[in-house]
Amino acid sequence: MIELKGLTKKFGSFTALDSISFSVSDGSIFGLVGSNGAGKSTLLRTLAGVFRPDGGEALIDGQSPFENSEVKGKCVFISDYPYFFRQSTLSDMADFYRRIYRSWNPQRFDQLCGIFPIDRKKKIIEMSKGMQRQAALICALSTEPEYLFMDEIFDGLDPVIRQLLKRIVSGEVSDRNMTVIIASHNLRELEDLCDHVGLLHRGGILFERELDALKLGIHKVQAVFQPMPDPKDLGLDLVTWQIRGSLIELVARGSQEEILARLDGFRPTFAEALPLTLEEVFINEMEAAGYDIDNILV
């Protein structure tokens with residue numbers, strides 16, 4: 001289990017992480033979202049034991065990962081710019097990982113090399129950005145980690161490889177109870193993979209919730225009224241609304257059935273519920289909380 005308790009990390013006078021507290025249960029996939037510079041990479045590096053906290057705690061199975069080889073042996077971190085030894089091939093990096101991680105599985109490495117279209121004998125420095133990420137993923141997954149931290153992992157991967165990665169990660173979570181944190185500013189990539197999501201902004205956690213509960217508690221509806229009632233008279237817990245002539249598009253909290261039943265009392269000409277994307281859920285929640293979403297997500 002991952003626990004953050006008032007975690008703070010500073011670089012000089014700049015506070016990258018500001019008293020962050022939340023937990024990630026074993027066997028879950030947590031999506032950490034936010035704009036560039038929000039603190040996502042710093043948080044992952046702290047969990048991986050690269051940075052020492054300046055305040056609070058970052059705990060993995062009750063222990064700090066900093067200068068703790070036992071904890072680090074359970075974790076693999078893939079940074080936004082994966083590091084490889086100069087002139088190394090995938091086979092060279094596999095030999096390095098084999099000597100570092102006791103959990104290294106050579107059969108899994110061979111299997112992944114067959115799944116991903118990559119030449120294990122080619123110098124990694126000569127590969128494209130997407131192929132380098134695939135090399136990092138093969139090495140990471142071959143260690144069969146208990147905890148996998150990935151930073152902007154989808155950047156540079158083509159659509160087929162992105163879907164392959166999601167399927168492999170989901171399988172590892174299901175089969176081995178692996179725990180995953182994926183940092184990204186792209187909510188669409190996380191939507192069909194994560195079971196929990198958290199929004200990081202300016203070093204603080206603004207929002208953290210189970211994805212299913214988040215989506216079930218808020219709905220978008222379009223309705224046509226003649227005449228148009230005052231939205232405030234609809235008796236709904238409105239997040240946002242927009243009127244265009246006789247059409248109103250609203251986002252409200254509550255169950256879909258309750259919202260449509262309430263609207264039906266005002267005899268709409270037409271009314272239907274529309275699916276909300278994860279990005280729309282976050283945007284509506286943050287705007288309702290008074291945040292300028294343009295300065296949070298890019």
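For the single chain, residues carry numbers from 1 onward in sequence order.
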Determine whether [X] and [Y] fall in the same hydrophobic cluster, where Ile, Leu, Val, Met, Phe, Trp and Tyr are linked whenever their side-chain heavy atoms lie under 4.5 Å apart.
X: Ile115; Y: Met150; answer: yes
X: Phe149; Y: Met1; answer: no
X: Leu32; Y: Leu59; answer: no
X: Leu141; Y: Tyr83; answer: yes
X: Leu247; Y: Val251; answer: no

Which pair of non-hydrogen atoms, one from [X] and one from [Y], has the smallest distance, and what is that distance?
X: Leu148; Y: Ala140; answer: CD1-CB, 4.2 Å
X: Ser25; Y: Thr179; answer: O-CG2, 3.6 Å
X: Ser170; Y: Leu193; answer: OG-CD1, 3.3 Å
X: Pro53; Y: Gly56; answer: CB-O, 4.2 Å
X: Leu90; Y: Cys113; answer: CD2-SG, 3.9 Å
X: Leu190; Y: Ser184; answer: CD1-CB, 4.1 Å

Would you sort out whether Glu57 and Glu3 count as a side chain to side chain contact (heavy atoms under 4.5 Å, CB included), showing the intermediate values?
CA-CA 8 Å; Glu57 294 180 300; Glu3 297 174 282; over 6 Å; no
Hey, what do you get for [atom1] ([X]) to [atom2] ([Y]), rounding to the nearest 0.5 Å?
X: Ser41; Y: Asp151; atom1: OG; atom2: CG; value: 3.5 Å
X: Glu146; Y: Asp26; atom1: CD; atom2: CG; value: 8.0 Å
X: Phe77; Y: Thr46; atom1: CZ; atom2: OG1; value: 9.5 Å
X: Ile161; Y: Ile118; atom1: CD1; atom2: CD1; value: 9.5 Å
X: Glu70; Y: Ile60; atom1: CD; atom2: CD1; value: 11.5 Å
X: Phe116; Y: Gln111; atom1: CZ; atom2: CD; value: 10.5 Å

Take Lys9 and Leu7 through the side chain to side chain contact (heavy atoms under 4.5 Å, CB included) test and state the conclusion after the steps.
CA-CA 7 Å; Lys9 180 60 186 175; Leu7 178 63; 5.7 Å; no
May I ask you to say whether [X] pairs ionically with [Y], meaning some side-chain N is under 4.0 Å from a carboxylate O?
X: Asp110; Y: Arg120; result: yes
X: Glu144; Y: Arg108; result: no
X: Lys10; Y: Asp18; result: no

For atom [atom1] of [X], is the number of surrounding heavy atoms from other residues, nucleotides or ligands below 6.0 Å larger than 12?
X: Tyr81; atom1: OH; result: no
X: Arg99; atom1: CZ; result: yes
X: Arg267; atom1: CZ; result: no

Just wondering, do [Y] and [X] contact through their side chains at under 4.5 Å, heavy atoms?
X: Leu157; Y: Leu164; answer: no
X: Asp155; Y: Arg133; answer: yes
X: Ile29; Y: Cys194; answer: yes
X: Asp61; Y: Val71; answer: no
X: Ile168; Y: Leu137; answer: no
X: Gln132; Y: Pro82; answer: no
X: Thr42; Y: Phe11; answer: yes
X: Asp92; Y: Ile124; answer: no

Using ring centroids (six-membered ring only for Trp), state whether Phe84 and Phe96 fall under 6.0 Å.
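No, the ring of Phe96 stays outside the 6.0 Å limit from the ring of Phe84, centre to centre.
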Answer with yes or no after comparing the ring centroid distance for Phe109 and Tyr97 against a 6.0 Å cut-off, counting only values under it.
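Judged by ring-centre distance (under 6.0 Å), Phe109 and Tyr97 do not meet the cut-off.
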Take Leu234 and Leu250 through the test side chain to side chain contact (heavy atoms under 4.5 Å, CB included) and record every step on the way to the result.
CA-CA 11 Å; Leu234 295 174; Leu250 58 87; 4.0 Å; yes
Is the backbone of [Y] close enough, under 3.5 Å, to the side chain of [X] for a donor and an acceptor to pair up by distance?
X: Arg176; Y: Pro145; answer: yes
X: Lys72; Y: Val50; answer: no
X: Ser142; Y: Trp104; answer: no

With side chain to side chain contact (heavy atoms under 4.5 Å, CB included) as the test, would you mind laying out the steps for Arg162 and Leu165 before giving the verdict?
CA-CA 5 Å; Arg162 288 201 299 269; Leu165 170 60; 5.7 Å; no
